[in-house]
Each structure stands twice: as C-alpha cells, then as structure tokens.
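The structure appears below as structure tokens.
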2 protein chains.
Amino acid sequence: MSTPSHPPHEASPKRQAIVAAAARLFMADGYGKTSMDAIAREAAVSKATLYAHFASKDQLFATIVGDACGRIALQDGTFDTGVTDMRAALASIGERLLRFLLAAETQAIQRMVIAESQRFPELGAAFLAVGPQTFLSHLAEWLAAQSAAGRIRIADPAVAADQFGALLRPLLFLRALLSVPPAPSEAEILANVDAAVSLFLAACAARSEA
Amino acid sequence: MSTPSHPPHEASPKRQAIVAAAARLFMADGYGKTSMDAIAREAAVSKATLYAHFASKDQLFATIVGDACGRIALQDGTFDTGVTDMRAALASIGERLLRFLLAAETQAIQRMVIAESQRFPELGAAFLAVGPQTFLSHLAEWLAAQSAAGRIRIADPAVAADQFGALLRPLLFLRALLSVPPAPSEAEILANVDAAVSLFLAACAARSEA
DNA sequence: GTCTATAGGCCGATAGAC
DNA sequence: GTCTATCGGCCTATAGAC
C-alpha cells in the first residue's frame with residue numbers, strides 16, 4: 001500500500017506464489033494465527049526467499065490487504081444510465097451490493113481490516129476509500145441524476161446514498177460477518193433487497209426533504 | 001460463556017484483577033497481541049495464579065468477551081409507552097442506539113468478536129443474541145404497539161426494526177469501526193439520527209406494505 | 001535470488017515449594 | 001491459592017553457501 005516493494009520483478013513467479021499463499025492464509029486465519037513458516041510452506045518457498053521479497057510480516061500483510069482493497073475498487077461500478085423503472089434499477093444495484101458484501105473474499109477482507117485497523121492505521125483508511133466511499137460517491141452521482149430527471153425526489157444525494165447502502169447491511173449481513181450460521185439463503189437475500197428498495201422508494205416518493 | 005469457571009470464589013480479588021486486566025488488554029490490543037505475561041503483570045499477579053483461575057488463554061478470552069456481551073444486554077432497553085410524538089420518540093431511540101454503537105467499549109467488543117468469530121464460533125452467536133437480536137426484538141415489539149395504536153403504519157415490525165437499526169449504522173459507524181479519524185462529532189451524530197428518522201417516518205407515512 | 005541452518009526471543013503452560 | 005523458576009516450542013528474522 002504505502003510501499004509497493006518490488007525489489008525483484010513485480011511478476012516474479014516465486015513472489016506471486018508468496019502473495020497467493022499469504023492472501024489465502026491471512027484471509028482464512030487472520031494476521032496473528034498466520035506464521036511466516038506456514039506462508040513459506042504453502043508457497044513452496046524458503047523463508048529466506050520470502051524475506052528477500054518482503055521486509056517483514058507487517059509489510060507482507062499490508063501488501064496483501066492493500067491489493068485486496070484494490071480488487072474491491074475494480075468491481076463493476078456501472079450504474080444504468082437509461083433508466084425507466086426506478087424500482088427495478090434500485091433492486092439491481094442493491095442486489096449486486098448485498099451479494100458483494102456477503103461474498104467470501106469480501107467478508108474475509110472486512111474481518112481482517114476491522115481486526116487490525118488499530119495496529120495498521122492506514123489499512124482502515126485505504127479500505128474505506130476504495131470500498132464504501134467509492135461506491136457511495138458513484139451511487140450519489142447516479143441518484144442525483146435520477147433526481148434531476150424527475151424520477152425520484154432526493155434533497156441530499158450523499159445522505160441518500162449512505163442510507164441506501166446502510167439498508168443493505170441489515171441483521172443478515174451482521175450474522176454473516178459474525179460467522180453465525182445459517183449462511184444467507186437466496187430467499188433471504190432477495191427479501192432484504194426488496195425491503196430496502198421498498199423503504200427507500202416509499203420515502204423518496206413521499207417527501208422532498210433529505 | 002460456556003464454562004463459568006469459578007474454581008475459587010467468583011469474587012476473589014485476584015480473580016477480579018485478572019478479569020479487569022485481561023478485559024483492558026484484549027480490548028486494546030486484540031487476542032493475538034495480548035500475552036498471558038502482560039495480563040499477569042497488569043493484574044499484579046503471577047502467571048501461575050492466572051492459570052489457577054483460568055485453564056487457558058482461550059478460556060480467559062471467552063470469559064471476558066462473554067461478560068462484555070452480557071453487559072451489553074444490561075443496557076437500558078426501555079421504550080416509552082406513553083408516546084405522542086413519533087418523530088421525537090424515534091429520534092430518542094435512534095440517538096441512544098447510535099451513541100451506544102459508537103461508544104469505545106462497544107466498538108472494542110465488536111472488533112474482537114468480528115475478528116475471532118471464526119476461531120471461537122460461540123462468540124459470534126452469543127454477541128448476536130444478547131446484542132443486536134435482543135435490541136431488535138424489543139424495538140419490533142414497540143413498533144408493533146405503535147402501529148396498533150395507529151401512530152405509524154408498519155406491516156412487518158421485525159423487518160421495520162431491522163431497517164431502522166441498519167439506518168443507524170451508516171458510513172459514520174463504519175469509519176469509527178475502522179479506526180479512521182476524525183472521531184464522530186456531535187453534529188454528525190445528530191444529523192445521522194435525524195436523517196434515519198426522517199427516511200423511516202416518510203416511508204411509514206406513505207405506504208401500508210412492509 | 002534462493003537455499004539450509006540457526007540464532008535469539010517470547011509465549012503458553014507447568015513443576016514444586018510454601 | 002499463590003509464588004518463583006523454568007520447560008519446550010514456535011515465531012520472526014538472519015547468516016552464509018551457492
């Protein structure tokens with residue numbers, strides 16, 4: 001993140017193996033339980049090689065999480081421009097967001113960043129910037145456009161985007177983040193999206209304030 | 001949690017010192033970075049005494065987090081029965097919830113439980129039960145009563161409670177959980193509560209469905 | 001750059017005296 | 001129950017040969 005750290009080639013095969021192994025283990029077991037020995041073993045590389053590519057466990061962790069945050073930003077953030085049915089458009093955006101938030105890799109990253117954000121202060125800020133804030137600013141822009149086109153009534157697009165996003169982190173999302181079974185079912189996901197869209201649209205149809 | 005574990009007196013002074021020290025250190029540094037040596041030092045007790053009261057680091061951690069979860073449940077869950085102004089009532093409930101979610105101890109517990117919920121499966125379930133689920137079931141009951149009294153229109157109180165709760169975990173809440181400065185200001189807190197109440201009420205005034 | 005081998009330290013947990 | 005002292009192990013990181 002702060003230190004790109006490519007002393008050898010960025011695309012060195014061993015380096016790629018190390019990154020892949022570290023990502024898998026950090027996400028599965030967290031920072032504390034993952035040892036450099038285990039990463040070296042998983043990557044089929046000696047520990048010395050590992051340390052030739054990454055100066056410390058901290059730096060390796062920061063690199064892995066930074067990469068993962070970058071991957072989040074690459075998620076298709078396109079919002080339809082030729083909208084006619086607001087309910088369908090919001091349902092589509094909401095469903096994509098909720099499914100993304102519940103995906104295994106996203107959940108793993110969230111747990112890691114929340115767990116270590118105090119020890120690695122840049123991590124939380126980086127995640128927030130490339131994840132939630134990027135998504136919300138795109139959504140706010142889109143909402144503003146829909147509002148300007150008269151398809152919805154929104155006073156403050158930024159606030160509205162934040163609220164729509166929050167509605168897609170209901171108890172279902174908490175349950176998943178806390179690893180409490182059962183895993184979210186298809187029906188639950190769709191019901192939560194529908195409820196979020198309904199509440200949001202009902203409010204926007206009814207009022208002109210924020 | 002599962003193992004009450006009081007071999008000596010539950011209220012033994014040394015035991016209390018251990019619990020206090022462990023709670024402070026676990027919440028500040030997390031499970032991995034907190035050592036039994038540090039806890040013993042902080043509690044002014046030998047490590048052998050520590051192990052006389054708690055069989056292992058895991059068990060001590062589970063006890064501390066279980067206690068903390070129990071303390072959450074003790075939060076004043078009273079909802080006004082003699083309500084006239086729904087906006088004021090919801091604002092009061094919302095403000096108490098958001099301030100609670102942002103409190104330092106609550107944040108520390110959330111980080112710990114999210115971080116270790118995979119290694120300690122009972123932890124996530126216990127937290128969910130005594131925290132969010134207890135609150136939401138009380139809120140749902142209260143909303144049902146208000147709906148029955150004709151002060152609001154709610155089809156599914158459980159869904160509505162979940163949504164009101166979700167609206168009180170906006171970006172502001174994420175920022176705090178990720179330890180990203182600045183700390184939430186008074187104005188931000190009140191603005192977020194007001195926005196949540198406005199959206200919720202506008203939707204409930206406008207529709208009869210969920 | 002990559003290996004084998006190991007330094008050096010801290011950790012969780014225990015033995016044994018009182 | 002509480003202490004002092006210590007074990008055995010695993011961890012991060014490095015030295016030195018190739």
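Because only heavy atoms are used, hydrogens play no part in the values below, and waters and symmetry mates are left out as well, while side chains stay in. The chains referred to below are lettered A, B, ... by the order of the sequence lines, with proteins before strands, and numbering in each begins at 1.
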| Length of the line joining A:Gln16:CD and C:dG1:P, which is rounded to integer Å | 14 Å
| query | Going through the checks in order, is the side-chain contact (heavy atoms from CB on, under 4.5 Å) test met by A:Leu168 and A:Glu95? | reply | CA-CA 9 Å; A:Leu168 288 157; A:Glu95 188 180 339; over 6 Å; no
| remark: Rounded to whole Å, the CZ-P distance (B:Arg41 to C:dG12) equals 11 Å
| query | Are the side chain of B:Thr63 and the backbone N or O of B:Gln59 linked by a donor-acceptor pair below 3.5 Å? | reply | yes
| Could you state the NE2-P distance from A:His53 to D:dA13, rounded to the nearest angstrom? | 16 Å
| So, B:Glu116 and B:Arg111, do they make that salt bridge, N to O below 4.0 Å? | no
| message | What's the angle between the local helix axes at either end of the helix from C:dG1-D:dC18 to C:dC18-D:dG1, using five pairs per end and rounding to 10 degrees? | response | 10°
| Quick one: B:Lys33 NZ to C:dG12 C1', roughly how many Å, whole number? | 16 Å
| query | Closest nucleotide of DNA chain D for A:Ala48 versus for B:Val45: which of these residues is on the 5' side? | reply | B:Val45
| field | Basic-acidic side-chain contact under 4.0 Å: B:Glu188, B:Arg175 | value | yes
| said: What is the distance, to the nearest angstrom, from the CG atom on A:Asp37 to the C1' atom on D:dT14? | reply: 13 Å
| Residue-phosphate contact under 4.0 Å: A:Ser35 side-chain N/O, D:dC11 OP1/OP2 | yes
| request: For A:Lys14, answer base if it contacts any base atom (sugar-phosphate contacts may also be present), sugar-phosphate if it contacts only those atoms, and nothing otherwise; contact means non-hydrogen atoms under 4.0 Å. | output: sugar-phosphate
| note | Interatomic distance, OG1@B:Thr106 vs CZ@B:Arg71, rounded to 0.5 Å, equals 10.0 Å
| Is B:Ser46 touching bases, backbone alone, or none of the nucleic acid, heavy atoms closer than 4.0 Å? | base
| query | Of all of residues 18-31 of chain B, which get a heavy atom below 4.0 angstrom from DNA chain C, listed by number? | reply | none
| Nearest to side-chain heavy atoms of B:Lys57, which nucleotide of C:dG12, D:dT4, D:dT12 | C:dG12
| Say you draw a straight line from OG of A:Ser147 to CH2 of A:Trp142; how long is it, rounded to the nearest 0.5 Å? | 11.0 Å
| How long is the line joining NZ of B:Lys47 and P of D:dA5, in whole Å? | 13 Å
| task | Answer yes or no for A:Lys33 and B:Tyr31: cation-pi contact, defined as NZ/CZ to six-membered ring centre under 6.0 Å and angle to ring axis within 45°. | result | no
| field | Closest heavy-atom pair and its distance - A:Ala160, A:Ile154 | value | CB-CG2, 3.9 Å
| note | Taken to the nearest whole Å, CG/A:Leu50 to C1'/D:dA13 is 11 Å
| remark: Between OH of A:Tyr51 and P of C:dC3 the distance, given in whole Å, is 15 Å
| said: So that I can tick it off, tell me whether A:Arg24 and A:Asp29 are bridged by a salt bridge, with the cut-off set at under 4.0 angstrom between side-chain N and carboxylate O. | reply: no
